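Here's the structure we're looking at; comments come further down.
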Amino acid sequence: MTAPDKIVVVGGGIGGVSAAVALAKRGMEVTVLERAPEIKEIGAGLQLGPNAGRVLQDLGVMDAVLRTAVLPHRFVLRDIYTGNEIYQATMGKELVQRYGAPYTVIHRADLLDALLEVALATGNVEVVTGKEVVAVEQTDTAAHVQCADGSTYRGDAVIGADGLRSAVRRLTLDDSEPIRSEYVIYRGPGPRPEGTEDAVMLFAGDEIHLMQYPVQGGELLNRVLSFRSRTAAPGSEEWATREELFERFANTCDHIKESLHTLDLETRWVQFDRKPMAGWSDGRITLLGDAAHPMRQYLAQGAGQAMEDAVVLAGALGSGAADVPAALAKYEEIRYPRTSAVQENTRFFGEMVHLGGAGAILRDAYLGTLADNDYSLAQWLYGTDGVAPPRVPGHMDIYSKS
């Protein structure tokens, strides 16, 4: 066996391009295959915790990111009905001193552009668009990707970074369909009202919430609204309509009511995730990001975990070991406990945010006891000291709910 020098990455999103950067910086030649006709991110804003910030620094991407990112000075939890502040945590310099990197908010397209810029500058990355993967095969010495147009690509390893409905996962890992959430998402960046602070602000209520933060150098305000709809099957025409949206938010504070008119009300986004499942790595083929461990939005860790994957993967393959399958197995061994914990705790945090009645009163009372610089709840997520993640009550039973 020989050490890898040629890697094929399927998927040109944030995770795939992060992997390309990390692998290229270790001297490997990387071909990124993207199904779409161009490398382009859909969606709007994105939050990157300090754990993701350290990856950006390691990859040499932070300077490019800071051209358009915003560094919020605090996180605020507010009551969605009254607008009153429940809890705040300082960010800014104090968070950087604690965790070695800032908390950043950025438009998804801006982050992908920054990653792509650095990837291409390495001289070791080729990006090929319009490539729909239909088959992945491997031998003892190589892995091969076949595309719908008849083209084939060979690598010492194939990385499936092609998202929730990954073609590579479907071809290599036999499991169930992704789990749909009953919580709809309406979102969209819009003009930033005068006086809006540089903060990540979460307005929480009984099975409803609205998140906001500035993006694109602070020129726009990204908003994400969500509520639990049980009117019909998630994704169907009758589910989570605009009429239900306005009904559910009728008793919210004035700021929220005004925000409703700034959202894209034509597009409803359905959330998906999966139960944690081992087996991403099969010989010379492995998965990364949402292809391996899709998660819901509540801890803002989807992109961050994909980026962490990229660094660990590159380290495993670039460690000098000649056994590629063993290196990919080691990558999964390292990453699976971490990503599983984030998947589970993301669901748990989502339930905590959406509490009503006595549950909300107890949550608010507890958070009110915490100091502004008490990061203990996030230490397991942002820190580097090996703190074990909290165990979710009921553990896997949390997936019995959609």
Side-chain angles (χ1 to χ4, degrees), residues 9 11-26 28 30 32 39-41 43-73 75 91-122 124-125 127 159 161 198 200 213-218 222 288-290 293 295 297 299-316 318 331 334-335 338-339 342 375 378-379 381-385:
V9 176
I14 290 168
V17 180
S18 295
V21 174
L23 294 162
K25 284 181 174 289
R26 287 183 171 267
M28 287 169 264
V30 184
V32 178
I39 299 291
K40 182 179 180 181
E41 262 292 353
L46 187 69
Q47 301 177 61
L48 299 171
N51 59 307
R54 292 193 298 271
V55 174
L56 292 173
Q57 292 172 343
D58 290 345
L59 296 181
V61 183
M62 183 61 86
D63 287 345
V65 164
L66 291 178
R67 290 200 295 261
T68 58
V70 174
L71 304 181
H73 62 86
F75 168 82
M91 291 183 172
K93 291 182 179 180
E94 194 161 0
L95 205 66
V96 173
Q97 291 171 352
R98 179 71 173 268
Y99 296 118
Y103 195 109
T104 59
V105 289
I106 189 171
H107 196 286
R108 297 183 71 93
D110 291 341
L111 175 59
L112 184 58
D113 287 347
L115 287 164
L116 190 60
E117 175 186 319
V118 174
L120 297 176
T122 65
N124 288 342
V125 177
V127 177
I159 314 304
D198 285 346
V200 176
Y213 49 86
V215 293
Q216 295 198 319
N222 186 64
L288 178 149
D290 281 352
H293 45 72
M295 57 191 64
Q297 64 176 346
L299 287 179
Q301 280 290 315
Q305 292 306 304
M307 293 162 63
E308 285 186 10
D309 286 349
V311 171
V312 174
L313 173 65
Y331 150 70
I334 294 170
R335 290 297 297 156
R338 164 79 164 170
T339 59
V342 179
Y375 307 124
Q379 181 65 29
L381 187 57
Y382 298 153
T384 60
D385 51 6

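This one's a predicted model, so the numbers in the text were calculated from it and none came from an experiment.
- Between Met307 and Ile14, the closest side-chain pair of non-hydrogen atoms falls below 4.5 Å.
- Side-chain contact between Pro102 and Gln57 is present, with heavy atoms from C-beta onward closer than 4.5 Å.
- The distance from the CZ atom of Arg335 to the CD atom of Glu308 is 4.5 Å, given to the nearest 0.5 Å.
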Problem set entry | Derivation of the side-chain contact (heavy atoms from CB on, under 4.5 Å) call for Leu66 and Met62 | CA-CA 6 Å; Leu66 291 178; Met62 183 61 86; 3.9 Å; yes
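- Smallest separation of non-hydrogen atoms from Ala119 and Val17: CB-CG1, 4.1 Å.
- The structure places NZ of Lys93 at 14.0 Å from NE2 of His73, a figure rounded to the nearest 0.5 Å.
- Residues Val127 and Leu116 are in side-chain contact: their nearest non-hydrogen atoms beyond the backbone lie under 4.5 Å apart.
- Gln379 and Asp385 share a donor-acceptor pair across their side chains, judged by distance under 3.5 Å alone.
- If you run side-chain contact (heavy atoms from CB on, under 4.5 Å) between Thr104 and each of Thr68, Leu71, Leu46, only Leu71 comes through.
- A pairwise comparison of heavy atoms in Tyr382 and Gly49 identifies CE2-CA, 4.0 Å as the closest pair.
- Side-chain N or O atoms of Arg108 include none that pairs as donor or acceptor with a backbone N or O of Lys40 at under 3.5 Å.
- When the side-chain hydrogen bond (donor to acceptor under 3.5 Å, both in side chains) test is applied to Asp63, no partner is found at least two apart in sequence or on another chain.
- Put simply, OG on Ser18 and CG on Leu111 are 6.5 Å apart, with the number rounded to the nearest 0.5 Å.
- With values rounded to the nearest 0.5 angstrom, Gln305 atom CD is found 6.5 Å from Leu381 atom CG.
- Side-chain contact between Val30 and Ile159 is absent, with no heavy-atom pair separated by less than 4.5 Å.
- For the atom pair Ile334 CD1 and Leu313 CG, the distance stands at 10.0 Å (nearest 0.5 Å).
- Between the side chain of Arg54 and the backbone N or O of Tyr99 there is at least one donor-acceptor pair closer than 3.5 Å.
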For this session: Test Arg338 against Asn51 for side-chain contact (heavy atoms from CB on, under 4.5 Å), laying out the working first.
Result: CA-CA 12 Å; Arg338 164 79 164 170; Asn51 59 307; 3.7 Å; yes
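- Listed here is the closest heavy atom pair of Pro214 and Asp198: CG-OD1, 3.7 Å.
- Side-chain contact check for Val118 versus Lys25: some heavy-atom pair is nearer than 4.5 Å.
- With contacts defined as side-chain heavy-atom distances shorter than 4.5 Å, the pair Val125/Thr122 qualifies.
- Counting heavy atoms from C-beta outward, Ile106 and Gln216 have side chains that stay 4.5 Å or more apart.
- For the pair Leu288 and Val9, the minimum side-chain heavy-atom distance is 4.5 Å or more.
- Across all their heavy atoms, Ala303 and Leu48 have their closest contact at CB-CD2, 4.1 Å.
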Problem set entry | Tyr375 vs Glu94, side-chain contact (heavy atoms from CB on, under 4.5 Å): CA-CA, chis, key distance, verdict | CA-CA 11 Å; Tyr375 307 124; Glu94 194 161 0; 3.6 Å; yes
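- When all heavy atoms of Val200 and Tyr103 are compared, the closest pair comes out as CG2-CE2, 4.1 Å.
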For this session: Output, in order, the C-alpha distance, side-chain angles, deciding distance and verdict of side-chain contact (heavy atoms from CB on, under 4.5 Å) for Met28 and Asn124.
Result: CA-CA 7 Å; Met28 287 169 264; Asn124 288 342; over 6 Å; no
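- Here the closest non-hydrogen pair linking Ala101 and Gly53 is CB-C, 3.6 Å.
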